[in-house]
Structures are given as C-alpha cells and as structure tokens.
Amino acid sequence: MAAKKQLIVGLGNIGREYADTRHNIGFMIADELARQAGTTFSTLRYAYYTEYRHRGNSVYLIKPTTYMNLSGKAVNYWMHELKIPLQDVLVIVDEIALPFGKIRLRAKGSSAGHNGLKSIETLCGGQGYPRLRFGIGNDFPKGRQVDYVLSGFDDDELMDLPALIDRSTQVVNSFVHIGVELTMTQFNG
C-alpha cells in the first residue's frame, strides 16, 4: 500500500473554560494522539497544528482555533494547504445520540445538528468525510443541551475516560493504517 497523507481533526472550543467539557472530547483525543506520537502542537493559521508519521503514513493533526461553529474554516484551509482530499479527513466529534463511551466510526453522514460538522459540511464540500463519533450521552433536561455539552464529565465518566480516549486513538491509528472500511469492521460493535 502506498503511503498516504491524512488530516485528523479533533473538534472542540478554545479557552480554559471549555477545556474538560464533553464538547471538547475531540481536543482531548487529539492531545492524546500527539502525546503518543511524541509531538506537540504549534499555533498556526486557524488551528493548533502538529504532524507525525504513523506506519509510513503522514498524519497532520489539528485542533481548530475558530470555535466549534466555525470549524469548517480551519478544516477547509488545512485541506487545501496540505492538498488532502475530503475522504482523507477524519473528524473526531462528541455525539449526544450515542451513550457515553460508545465510539462509532462512519465513512460519511449528516451533521445530525452538530454545529461543528455543519460548518465542515458547508465549507468543505459536503458529507463525504469520515468521522469518529464519541458518545457523550444525552442525560439532560429538555432545552438544556448547550449546558450539558459545555459541562464537564461526571465522576463515573471521568474514571472511564482515559481508557475510552485510548481506544479512540486506536481507532484513529487504524484509520490511518488500513482505512475507514476495515477499521469500521474491526472497531464498530
């Protein structure tokens, strides 16, 4: 298999007040990927950026600094800057439609109302990009979704979070190595 270039995008919001919230799980997973690769992020245009090699493939890892609802601006810029097609962009995102800790890889799909994904869909050419959806659950009263996604994980969840983040990095590394279809077969339960 020829070496590939892939853009991995961890979604979240910049700022200390958002650091450990459910909505920032994409940032947390990106941080762990960088740590495992022995690299650190630099602040560049529209994103915290780093790059590394995984099994001969070039991995470009970003955390958009545009805030969640403008994530597409960063993704579009880096796709064009690095000349990476949409199908080789993996977006890591929180998902309220999945129970906490459920991890799902999809080759494409709708934004399902997620503002970060809506922005990417609008500015990057549609829904044809893979996404790793990390379940954060939906244990909130009607009308309180924003408060829920911008709140921290509860104590039980925090105990499970390191293992779930590690599993998410395994899914990303598999995507980089063998692609979305084989990785979905291996990890989606």
Side-chain angles (χ1 to χ4, degrees), residues 1-12 14 24-66 71-95 98 101-109 111 114 116-117 119-121 123-135 161-189:
M1 227 196 277
K4 293 182 81 168
K5 288 177 21 174
Q6 285 145 329
L7 178 60
I8 309 299
V9 181
L11 293 189
I14 58 170
N24 270 33
I25 191 65
F27 275 18
M28 293 178 214
I29 295 167
D31 288 341
E32 180 59 15
L33 284 163
R35 190 195 67 73
Q36 289 177 8
T39 186
T40 54
F41 287 94
S42 300
T43 304
L44 297 180
R45 190 154 184 202
Y46 302 130
Y48 300 118
Y49 171 94
T50 192
E51 58 188 62
Y52 59 92
R53 306 233 355 125
H54 178 74
R55 293 186 165 202
N57 296 306
S58 298
V59 179
Y60 303 92
L61 181 62
I62 66 168
K63 300 187 303 183
T65 55
T66 53
S71 298
K73 189 173 187 177
V75 175
N76 186 49
Y77 173 80
W78 285 102
M79 275 175 58
H80 287 93
E81 181 71 15
L82 299 166
K83 297 177 177 50
I84 295 176
L86 190 59
Q87 69 269 17
D88 291 329
V89 176
L90 174 64
V91 177
I92 306 167
V93 62
D94 59 295
E95 176 60 72
L98 291 173
K102 187 84 169 162
I103 299 164
R104 249 310 169 263
L105 182 65
R106 291 281 180 253
K108 59 186 179 211
S111 66
H114 191 287
L117 296 183
S119 175
I120 293 168
E121 197 174 294
L123 296 174
C124 299
Q127 302 176 348
Y129 59 92
R131 72 275 324 263
L132 177 62
R133 297 164 50 219
F134 186 102
L161 208 50
L164 293 168
I165 289 173
D166 188 61
R167 177 141 174 96
S168 299
T169 64
Q170 291 172 31
V171 174
V172 172
N173 289 331
S174 176
F175 166 82
V176 168
H177 182 57
I178 62 173
V180 69
E181 296 298 333
L182 288 173
T183 300
M184 283 174 16
T185 302
Q186 189 174 339
F187 284 93
N188 286 352

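When reading the values below, keep in mind they use all heavy atoms of this one structure, side chains included, and skip hydrogens, waters and symmetry mates. Every value quoted in this text rests on a predicted model; they were computed, and no experiment measured them.
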Asker: A side-chain contact here means heavy atoms from C-beta on lying under 4.5 Å apart; do Trp78 and Leu44 qualify?
Answerer: yes
Asker: Taking Thr50 for the side chain and Thr40 for the main chain, is one N or O donor matched with an acceptor at less than 3.5 Å?
Answerer: yes
Asker: Give the C-alpha distance, both sets of side-chain angles, the deciding distance and a yes or no for side chain to side chain contact (heavy atoms under 4.5 Å, CB included) between Val91 and Leu11.
Answerer: CA-CA 7 Å; Val91 177; Leu11 293 189; 3.7 Å; yes
Asker: If the plane angle is over 60° it's perpendicular, under 30° parallel, otherwise tilted; pick one for His177 and His54.
Answerer: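 It falls in the perpendicular class, over 60°.
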Asker: Shortest non-hydrogen contact from Ser111 to Glu121?
Answerer: N-OE1, 3.4 Å
Asker: Checking Asn173 side chain against Thr169 main chain: does a donor-acceptor pair fall under 3.5 Å?
Answerer: yes
Asker: Out of curiosity, Ile84 CD1 to Met79 CE, how far, rounded to the nearest 0.5 Å?
Answerer: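 Going from CD1 on Ile84 over to CE on Met79, the span is 8.5 Å.
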Asker: Rounded to the nearest 0.5 Å, how far does OG1 of Thr66 lie from CG of Asn76?
Answerer: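 Answer for the CG-OG1 pair, Asn76 versus Thr66, is 11.5 Å.
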Asker: Calculate, to the nearest 0.5 Å, the distance between atoms CD1 and OH belonging to Ile62 and Tyr49 respectively.
Answerer: 9.5 Å
Asker: Begin with the C-alpha distance, continue with both residues' side-chain angles, and end with the deciding distance and a verdict on side chain to side chain contact (heavy atoms under 4.5 Å, CB included) for Leu105 and Phe187.
Answerer: CA-CA 8 Å; Leu105 182 65; Phe187 284 93; over 6 Å; no
Asker: Where do Ser168 and Leu132 come nearest, in terms of heavy atoms and distance?
Answerer: O-CD2, 3.9 Å
Asker: With no hydrogens and no angle check, is any side-chain donor or acceptor of Lys63 less than 3.5 Å from a backbone partner on Ala30?
Answerer: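 Not confirmed, Lys63 side chain does not pair with Ala30 backbone.
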Asker: Quick one: are Ile165 and Ile25 in side-chain contact, heavy atoms under 4.5 Å?
Answerer: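 They are in side-chain contact.
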Asker: Taking the side chain from Thr183 and the backbone from Gly179, do they hold a donor-acceptor pair closer than 3.5 Å?
Answerer: yes
Asker: With sequence neighbours excluded, what pairs up with Tyr48 under the ring-ring contact (aromatic ring centres under 6.0 Å, His included) test?
Answerer: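 ring-ring contact (aromatic ring centres under 6.0 Å, His included) list for Tyr48, sorted by chain: empty.
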Asker: Considering only heavy atoms from C-beta outward, does the side chain of Leu33 approach that of Val59 to under 4.5 Å?
Answerer: no
Asker: Are the side chain of Asn24 and the backbone N or O of Gly12 linked by a donor-acceptor pair below 3.5 Å?
Answerer: no
Asker: What closest approach, in Å, do Ser119 and Ser71 show between heavy atoms, and which atom pair accounts for it?
Answerer: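 In this case the closest contact between Ser119 and Ser71 is OG-N, 3.5 Å.
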Asker: Measure from the side-chain N and O atoms of Ser58 to the backbone N and O of Arg53, and report whether any donor-acceptor pair falls under 3.5 Å.
Answerer: no
Asker: Determine whether Tyr52 and Leu61 make a side-chain contact, defined as any pair of heavy atoms from C-beta on separated by less than 4.5 Å.
Answerer: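 A side-chain contact under 4.5 Å exists here.
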Asker: Kindly indicate, with the supporting measurements, whether the criterion side chain to side chain contact (heavy atoms under 4.5 Å, CB included) is fulfilled by Asn188 and Arg106.
Answerer: CA-CA 9 Å; Asn188 286 352; Arg106 291 281 180 253; 3.5 Å; yes
Asker: Any chance you could measure Cys124, atom SG, to Tyr129, atom OH, to the nearest 0.5 Å?
Answerer: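 Spacing of SG (Cys124) from OH (Tyr129) equals 8.0 Å.
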Asker: Which heavy atom of Leu161 sits nearest to which heavy atom of Met28, and what is that distance?
Answerer: CD2-SD, 4.2 Å
Asker: So, taking the atom named CZ in Phe175 and the one named CZ in Arg131, what distance separates them when rounded to the nearest 0.5 Å?
Answerer: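 Nearest 0.5 Å value for the CZ-CZ distance: 11.5 Å.
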